[in-house]
Amino acid sequence: MDYFDLNMECIKKYRNTLYLKLMDESIFPILTNKPETIESVDARDGSKVLLLRHKQQEYRLNSIYRPLDEAKRWAEQFTFQSLDNVMAMYGLGNGVFARAIMEKLKEDDYLFIYEPSYAVFEHVLHHYDITDIIRNKHIILGIEGLNELEYRLNLKGAIVLSNLKSQYNCAYPNYEKIFPESYRSFYQELRDTYTSVQINVNTMIAFGERYIENTLKNTKFIKDCYSLSQIKQIIPKDVPAIVVAAGPSLQDEIENLKKIKGKAVIFSVDKTLGYLMKHGVKPDFVVTLDPKKSVRHVRLDEEVKIPLICFYESNYALLEEHKGRKILCTSGNFVEEFYIKTKQDVPELMLSGSVAIVAFTACVQLGFKRIALVGQDLAYRDGFSHVGQVVDTRSEKDRNYVEGLDGKPVKSRYDWKEFILRYQDLIALCKEKGIEVIDTKKQGAKIKGTVLMPMDEVIDKYCSKEIDIESSLAALESAFSKEDMQVVKQQLQSNLVILRKMKEKAISAEKLCDTIIKQLKSCGNCNTEDTEKLKKINHYIEEQKIYSLMDSYISGKTAKQLALIFQFTDND
């Protein structure tokens, strides 16, 4: 085999998603960052040197004498003293600098390499053996124009509270000069990822304890709830789903929403419900998420009986105020057991800081092939943050600017920017599934990947069929039968026994910790039997399903300590 066949065979085996992208010829015309010339020449030590000519400038990407020694000296600046380090590197080049970092990685470290030029990558596949990089499970490889989304999602998944301060980033020497615009985008992606993790940490701190209370109090709604799988069976898929949020542009669409009722399925976020009902629009579903969301959103002039898509973690007081049927969803292991034991599909729905995004993901899960966004400005309009000329001053200090529909900057907020980025990732995944996402607003933040289409055009094109969601829902029985409820009760009772055992073990673990700390202080060592006992206790506690209820609470309470727990210092 030549280098290309060898590398491609390795990619097919170890990175099949990337392989399929490489084999898709339809992608190649849109690839960017193509240098005028790319060549490899021999260095003095017999290895190869990569040479590029781009925008009338010539760049030598390796030492002409000893490329390997140069790369090792360059990599010495990175010490990786902490645990679970994540390094994001801009540029693969011919792999020599990546390989120098790769040699320094420890067991739980990861190297994320982003190559901005497919043309360079293709050249390297033909002229270098990079199979050691391709098959290394600690390396995540992203190629611009091919698999940026996969790369970005993996990066977000790798960065958590405990290693947030163990992040490194670098660029293959000269790459930031050759492809400066792509480098700025790469660096901005990193910043946005770190911001996203910090927002998640802040959410844990704010709501950790409330998750436990809500989950336990909301179990009483199980006996009368629907499940997502039940709803999916009765929902017509050949009409659009309309996700209505509380942006200022909602006021422009009230009349169109009246026209579309009964010809599309309308999902309202909790904050929007009062405004819609006041103006004569009754949505088919309401969606709520926030563990502390105000009950006023369902405490209206008339009792709210519209089906409520909610989480076990949602505000229990709001669920009590709501008088209709609930479609309960979960994101935690504890509640999953109720469904597994009764042989039902687990109603998993992705959590998000945005209830509109949760509503959107519900529409995807329910099988809609066309989803229209209404009132999702994600930007201020004439100084107003929400419909009804509302100005939310809570995030005044967090205002910034994002790209608008016309390409010009519009005033937004950091949390809204995070929602835009999350939408764009989800829409990219939807595109692969053949789902069309329409944005109906005429101004506001641009959400890349959406089709811009006025609401009246959506009605003309896609809303000719009459549907009756209310009658279909009325015919549904509860997801849990009487026999199922006995299983749920038994499951809850068994967790009481588990909790008592967890508490006993935790008390023993606390005593072990005290003993180990005393040993370390007195002689610098500790008894391995004690540490093994501690490991076993930790393992037992963590594997209990009910522990998932406590995990976010503990993380929130100890966020500052956890953020430093993998950091090593000179202090013993």
Side-chain angles (χ1 to χ4, degrees), residues 15 17-18 21 82-90 105 108-116 137-171 182-207 289 331-332 348-358 360-361 364-365 378 398 400 402 412-433 447-449 548 551-552 555-556 559 562-563 566:
R15 301 175 188 268
T17 303
L18 177 59
K21 296 281 187 180
S82 303
L83 299 175
D84 285 8
N85 300 286
V86 176
M87 162 71 89
M89 182 178 184
Y90 182 70
L105 297 178
D108 294 318
D109 296 342
Y110 280 89
L111 173 60
F112 284 76
I113 305 172
Y114 185 84
E115 174 54 58
K137 64 182 181 180
H138 293 277
I139 292 179
I140 309 299
L141 191 57
I143 312 298
E144 188 163 312
L146 290 180
N147 65 336
E148 300 106 314
L149 177 61
E150 180 189 12
Y151 176 88
R152 187 162 60 248
L153 294 178
N154 279 317
L155 180 60
K156 284 186 175 181
I159 300 173
V160 294
L161 173 59
S162 54
N163 69 1
L164 185 56
K165 294 183 181 293
S166 304
Q167 304 301 311
Y168 298 82
N169 61 79
C170 66
S182 178
Y183 177 67
R184 283 193 292 272
S185 297
F186 167 81
Y187 190 70
Q188 186 61 53
E189 286 277 1
L190 289 181
R191 291 184 61 184
D192 291 339
T193 298
Y194 300 154
T195 300
S196 177
V197 173
Q198 191 60 60
I199 287 172
N200 291 338
V201 171
N202 294 342
T203 301
M204 277 195 302
I205 293 171
F207 298 135
L289 163 67
S331 62
E348 289 182 297
L349 199 58
M350 182 191 68
L351 283 172
S352 169
S354 162
V355 66
I357 290 178
V358 171
F360 175 83
T361 55
V364 173
Q365 200 157 318
L378 297 167
D398 294 330
N400 67 352
V402 298
S412 185
R413 296 190 327 212
Y414 278 107
D415 56 340
W416 291 346
K417 181 181 179 182
E418 170 68 16
F419 302 157
I420 294 166
L421 296 172
R422 187 66 184 135
Y423 253 133
Q424 289 173 174
D425 285 347
L426 291 170
I427 289 167
L429 293 172
C430 286
K431 191 174 181 181
E432 294 177 2
K433 298 175 182 177
I447 304 173
K448 294 175 183 175
S548 64
D551 193 29
S552 57
S555 298
L562 285 172
F566 287 169

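Numbering starts at 1 and runs along the sequence shown. The structure presented is a predicted model; accordingly, all values stated were derived computationally and were not measured.
Residue Ser196 forms a side-chain hydrogen bond (donor to acceptor under 3.5 Å, both in side chains) with just one option from Arg191, Glu418, Lys156, Arg422, and that option is Glu418.
Atom CG in Asp109 sits 10.0 Å away from atom CE in Met87 (nearest 0.5 Å). Distance check: Asp425 CG to Leu153 CG gives 5.0 Å after rounding to the nearest 0.5 Å. Within the model, atoms CZ of Phe419 and OG of Ser412 stand 9.5 Å from one another, a figure rounded to the nearest 0.5 Å.
For the pair Met350 and Leu426, the tightest heavy-atom approach, listed with the atom from each and the gap, is CE-CD1, 4.0 Å. For the pair Tyr114 and Glu148, the tightest heavy-atom approach, listed with the atom from each and the gap, is OH-CG, 3.5 Å. What you find for Glu144 and Pro116 is that their closest heavy atoms are CB-O, 3.5 Å. Minimum interatomic distance between Val86 and Gln167 (heavy atoms only, all atoms of both residues): CB-OE1, 3.3 Å.
Below 30°, between 30° and 60°, or above 60°: for Tyr423 and Phe360 the angle between ring planes is above 60°, a perpendicular geometry. Below 30°, between 30° and 60°, or above 60°: for Phe112 and Tyr151 the angle between ring planes is above 60°, a perpendicular geometry.
The side-chain heavy atoms of Leu83 and Asp108, taken from C-beta on, include no pair separated by under 4.5 Å. You'll find the side chain of Leu111 stays beyond 4.5 Å of the side chain of His138, heavy atoms only. In this structure the side chain of Thr17 never reaches within 4.5 angstrom of the side chain of Asn147, judged on heavy atoms. Residues Thr193 and Ile159 meet the side-chain proximity criterion, which asks for heavy atoms closer than 4.5 Å. Contact of the Leu105 side chain with the Asn85 side chain is not registered, since no non-hydrogen atoms from C-beta on lie closer than 4.5 Å.
Using a distance-only test at 3.5 Å, with no hydrogens or angles considered, a donor-acceptor pair links the side chain of Asn163 to the main chain of Asp84. Using a distance-only test at 3.5 Å, with no hydrogens or angles considered, no donor-acceptor pair links the side chain of Asn154 to the main chain of Gly142. No side-chain donor-acceptor contact under 3.5 Å links Asp415 to the backbone of Ser354. Without hydrogens or angle criteria, Ser352 side chain to Val358 main chain gives no donor-acceptor distance under 3.5 Å.
The environment of Tyr187 atom OH is sparse: at most 12 non-hydrogen atoms of other residues, nucleotides or ligands sit within 6.0 angstrom.
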Let's go through Arg15 and Glu150 carefully: what are the C-alpha distance in whole Å and the side-chain angles of both, what is the deciding distance for side chain to side chain contact (heavy atoms under 4.5 Å, CB included) to 0.1 Å, and is it a yes or a no? CA-CA 11 Å; Arg15 301 175 188 268; Glu150 180 189 12; over 6 Å; no

